[in-house]
Every structure is written in C-alpha cells, then in structure tokens.
Amino acid sequence: STPIRIGIAGYGNLGRGVEAALAKNPDMTLVGIFSRRPPESLAALDPAAPVFAMDALGERTGDIDVLMLCGGSKSDLPEQGPALAARFNTVDSFDTHARIPEYFDAVDAPARAGGKTALISAGWDPGMFSINRAYGEALLPDGATYTFWGRGLSQGHSDAIRRVPGVAAGVQYTIPSQEAIDRVRSGERPELSTRDKHTRECFVVLEPGADADEVRAAIVGMPNYFADYDTTVEFISDEALRRDHDAMPHGGFVIRSGNTTDAQAQVIEYRLALESNPEFTASVLVAYARAVHRLNQQGRTGAVTVLDVPPGLLSPKTPAQLRAELL
Ligand code: NDP
C-alpha cells in the first residue's frame, strides 16, 4: 500500500524528533519540512531532507496526508493550529492544560468546515498520561489518581531561572518524591500537597560579580514556579553545564489507587522513563498521524483528542493481526 505522506510544520526539538521517528515507521514518508525561518538556515538531521518556507504549504494541500504541527504551545499553535487545520489533517502537542478546551473549539470549527481531522494535545502529558488517567478513573471509580513528573528537565522552569538577574545560564529538574510514590503504591490513598509530591533542583551559572545568596533567594521564592516547592540551587561552571546538562530527559508515573470493596485495594501504574522528551513526544505524534489518516478516510472530521482514538488505529498492523498477536 502507498505510504502515508507526512509534512512537518516547525522545526525545533519536536520537529527534529518527528523527522527521526519517521525513519522508524516505514509505512510513512516525509514530504517536506516547513519553517518560518529561511530554508537554507535549517540543518535537517538528514541533509537530503526537503526543506521549504512555511508559505509554500499553500500549494501542498494535495500531497500531504497529515501535517505534524511542531510549533510551541505558547504562541505558535494558537495561531497555526486553527489556520492549518482548515486545509490539512493535523496532529499537534498543545500542552497548556488549562486552555485545551478553548483550543479544541478553535481548531474544531475550521477542521469541520474543511473536511479535515485535527488531533490536538498528543504526546505524553497531555497524551499517554491522559489516557491512563481516563482508564484509571473508569476502571476504579472509588479511587484517587496521582501524577508524578520526573526526574526531568522542565523547559518552563529553566526559562524562569534564566530571567533572574545575575543568572547567565541554568537548568531545572523536577524530582518526584520517593516517599510520596511509595505511599501511593501501597494503596494508602494519601492526601498530598504540592510540596509533598515533587522537589526542584536547579543548576545555575552566575554572571561575573553576581551575588550567589541573592540569586538563590530570588529563585527559591519565585511565586508560581518555586515558592510552593522545596528547591535546591547549585552553582556550577559554564563548562559543567554544557558537559552534564545538555540532554532533555523526562518521564514520570500515573498511578490510580482504588478499592473494589473496602477490603480490596487495587493499584494501576503507568511509567515513562525518557532519555529524550522531544524524541518520545514526537514518536507519539507519529503513531497518532497514522490514526488521523485513517479517521479522516472513515469520515471522522473536526478536532479529536487521544481519548477519542481507538488504540488499534495507532498500529501499522491490521485489526486481524492485532487480534491474533496482542489479545
Ligand atoms: P522549540 O522551541 O524547539 O520549537 C518551537 C518552534 O520554534 C519551532 O517549531 C520552530 O518554528 C521555532 N524554532 C525552533 N528553533 C528555533 C531557533 N533556533 N530559532 C528560532 N526559532 C526556532 O520547542 P520544542 O520543539 O521543544 O517543543 C514544542 C512544543 O511541544 C512545546 O511548546 C510543548 O508545548 C510541546 N510539548 C508537548 C509535550 C506533551 O507531552 N504533550 C511534551 C514536550 C513538548 P519554525 O521552524 O517555524 O521557526
């Protein structure tokens, strides 16, 4: 059968991850990478990969089956999502949790009008973690759901550190509390505060002449980002930062702890341990591209989320193969 034709819109960490993931999925082919930056300024992983200006997408509606939207959630996707879903089947990783309902509506109307299918908010959280929260709640209605993140590099918190006066560079890791995880796994269903669940670890390179104590105080007291957590700040050299902290690991756990009768506790756990957050997120997006292509062929148009997609549609195997091999 003919391969699914994929376009990549936006070429940052996630865009590169999609390019890499396509190499592991022989039923798909890369039609082009589209960027707002000049094509000649981009170094694709595969030097032979076709790179185009974003404007060139206008002429490509007929030869892209699914367009992967790899822009940032903060300002790129709110614009690009609705505009591109009018003309292409799309998959994106919009991850501003509180704004997902309004983003869904903004993408749904143009996708419906254009007869396209737009899968929003794929990835791991939102994404695979959302699916596991849904399973947990449905299977164990008398229970509690716990999400722990990390150990992982938080892009948002790292950016916040870099804005503190006196900071030249820095990264932030979110660390789940082992004690809290152990209590949840035991079936105890504890009430956990924000501070109980995670700690934050910062590695900071100071600007010359900056006062370390002032910088530390500014970081640990920062509202919304650090004030509600136990935060440690370690000062390191620029060389150590580049040597030890240039990867983007992440992951975490979704645990549902519930009771079927008072005496019987049941615990479900889903765990991700990721050496590269963007490469894993991209792998999820690519599997959902296959599902989106099929949903569109079946006539399911408009916006959808991972909660609307049957798992078999993610697989390159036929339903008969899946029944024989995986049930
Ligand atoms: P990046 O900042 O690397 O890329 C975002 C966009 O910025 C790109 O599409 C690109 O657009 C532009 N860009 C990239 N590099 C440069 C550069 N050097 N100079 C100028 N512009 C650049 O973000 P990520 O790829 O790391 O993440 C994208 C989004 O993925 C995040 O905002 C996050 O919301 C989401 N995400 C979701 C997850 C989930 O589990 N659901 C997990 C991880 C991430 P262009 O090529 O057009 O210039």
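Given the structure is predicted, the values throughout are model-derived calculations rather than measurements. Heads up: numbering here begins at 1 and tracks the sequence. When a ligand or atom number is given, it counts from 1 through the structure's own listing order.
- With respect to the salt-bridge test (charged N to carboxylate O, under 4.0 angstrom), the residues R290 and D27 qualify.
- Using a 4.0 Å cut-off between charged nitrogen and carboxylate oxygen, R36 and D55 do not count as a salt-bridge pair.
- Judged by distance alone, the side chain of T117 and the main-chain N or O of R300 form a donor-acceptor pair under 3.5 Å.
- Listed by chain and number, G10, Y11, G12, N13, L14, S35, R36, R37, M54, C70, G71, G72, S73, D76, S93, D95, A122, G123, W124, D125, P126, N277, T281 each place a non-hydrogen atom less than 4.0 angstrom from ligand 1.
- Here the side chains of V309 and L295 are in contact, with some heavy-atom distance below 4.5 Å.
- No side-chain N or O of D142 forms a donor-acceptor pair with one of N259 less than 3.5 Å apart.
- The residues D46 and R16 are annotated as not salt-bridged, no charged nitrogen and carboxylate oxygen being separated by less than 4.0 angstrom.
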